[in-house]
Amino acid sequence: MRIATWNVNALTGERIERVLAWLDMARPHVLCLQETKVSDDAFPALDFHAHGYDSVHHGQGRWNGVAILSRVGLDDPVAGFADGGPPDPEARLVTATCGGVRVSSVYVPNGRAVGHEQYHHKLRWLARLRAHVLADVRPEGTGWLPDPDGPGGGLRAVCGDFNVAPEDIDLWDPAAFEGATHVTPEERAALAEVMATGLRDAFREQHPGAPKLFSWWDYRAGAFHKHQGMRIDLVLLSPRLADQARCALIDRNARKGRKPSDHAPVFVDVDLSAVSHGGDARG
DNA sequence: ATGGTCGCGCAGCGA
C-alpha cells in the first residue's frame, strides 16, 4: 500500500489538474490532502472518482480544509476530533478507514510566532491530536490499541502537514531558525507525544540521518532552487505498518513548474502482505 | 539591497 500526503495549498484551478496528474503517475492507494481551501461543495470529488478514487473532504471554505482519497475503499469517515471534546472550528483533521488502515489527514496549526496565542493553540492542538489517535478506535479492528505491541493492535496512519520539523537535519540551516516556530523544544515535544502512542516517522526510518530531504520550500527568494526547505510533512505509521515499510520518497518534481504548491507530496510504500496479524483485533 | 511569493479575493492578512 502506497500511503501519501500532500499539502496542496488550495485545491482550485490548475492545482486540481496537478493533483490529478500526480495521482495518475504515482498511483498511491491513499492520499491525504491538506489546505484544500475550498468548501465541501467545491471539492472536486467527481474528478477524483473518475481517476479511481473515493474521497472524504472536511472543508470550511477559504482556509484550511483536509481530505483523504483512497482506491482501496473508504469507510467510517470522521471530521475533526473524536476525543469527546468540543468541535474544532477549523477544518484540520479528517479520519477514515482505507483498506484496513485507519488513516488521518492532519493540518497542524502554523503557530505564527513563538509565544503568540496561535503558538499555544498549536501546542494544545497537538495534544488533542494525541488524544484523538488514542480515542478513535473503530469497530472493525482498524483503530488503535494503546499498547502497540499488544495483540491485534490496529493499523494506523497519521499523515499530513505537522508544521514541525522533527530534527535539525530536517532544516536547510538550523541557525536560520533560531527563535522561530517549527523547531522549538516545545513543538518537538508535542510531536513526540503524538508519536509516543507508538507511531513512527516512516519516511525518516527509510533515510536515517540523511540531510536535505525537504517537503516544503518558501515561494520567496528562490528557496526551492537553493534547496532551502524543511521537512514538515510526515507519514506516521503504527508499528506493524512501519515494520513493513519498503520505500519512501518525496516527489520534488511536483514542486517544479507552473503553479506548484509550496509543498511536495511524500509517500511511503508498505508491504501489507507482510504485515503481521497479531491475533484478535477486537473480536 | 535586510526584501523576495504565493493564496484568497479585491485589501491585506496568513503562510
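Bear in mind the structure is a predicted one, so any value in this text is a computation, not a measurement. Below, each value reflects all heavy atoms present in this structure, side chains not excepted, and no hydrogens, waters or symmetry copies. First the proteins, then the strands, lettered A, B, ... as listed; each starts at 1.
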Check every strand shown and say whether A:Asp262 touches a base, only sugar-phosphate, or nothing at a heavy-atom separation below 4.0 Å.
nothing

Pick base, sugar-phosphate or nothing for A:Ser261, based on heavy-atom distances below 4.0 Å to the nucleic acid.
nothing

Output field: ring centroids A:Trp125/A:Phe81 closer than 6.0 Å:
yes

Is the distance from the ring center of A:Trp6 to that of A:Trp22 below 6.0 Å?
yes

With rounding to the closest Å, how many angstrom separate the [atom1] atoms on [N] and [M]?
| N | M | atom1 | value |
| --- | --- | --- | --- |
| B:dG7 | B:dT2 | C1' | 25 Å |
| B:dG14 | B:dG9 | P | 15 Å |
| B:dT5 | B:dC10 | P | 23 Å |
| B:dC6 | B:dA11 | C1' | 16 Å |
| B:dG4 | B:dA15 | C1' | 14 Å |

Just by distance, do the side chain of A:Lys122 and the backbone of A:Asn163 share a donor-acceptor pair under 3.5 Å?
yes

Parallel, tilted or perpendicular for A:His207 and A:Phe203, by the 30°/60° rule?
tilted

Once the angle between the rings of A:Phe43 and A:Phe48 is folded into 0 to 90°, is it parallel (under 30°), tilted (30 to 60°) or perpendicular (over 60°)?
tilted

Nearest whole Å is fine: how far is [N] [atom2] from [X] [atom1]?
| X | N | atom1 | atom2 | value |
| --- | --- | --- | --- | --- |
| A:Asn7 | B:dC6 | CG | P | 16 Å |
| A:Phe162 | B:dA15 | CZ | P | 18 Å |
| A:Met230 | B:dA15 | CE | P | 13 Å |
| A:Trp63 | B:dG12 | CH2 | P | 15 Å |
| A:Tyr119 | B:dA15 | OH | P | 16 Å |
| A:Gln118 | B:dC13 | CD | P | 15 Å |
| A:Asp218 | B:dC6 | CG | C1' | 9 Å |

B:dG9 phosphate, OP1 or OP2: any side-chain N/O from A:Arg62 under 4.0 angstrom?
yes

OP1 or OP2 of B:dG3 sitting under 4.0 Å from any side-chain N/O of A:Arg220?
no

By nearest-heavy-atom nucleotide on DNA chain B, the more 5' of A:Tyr219 and A:Gly61 is A:Tyr219

Starting at the 5' end of DNA chain B and moving along, which residue's nearest nucleotide shows up first, A:Pro109 or A:Leu11?
A:Leu11

Selected nucleotide, minimal atom distance to A:Ala221 side chain, candidates B:dG7, B:dA15, B:dG4:
B:dG4

If you check every side-chain atom of A:Lys259, which of B:dA15, B:dC8, B:dG7 has the closest atom?
B:dG7

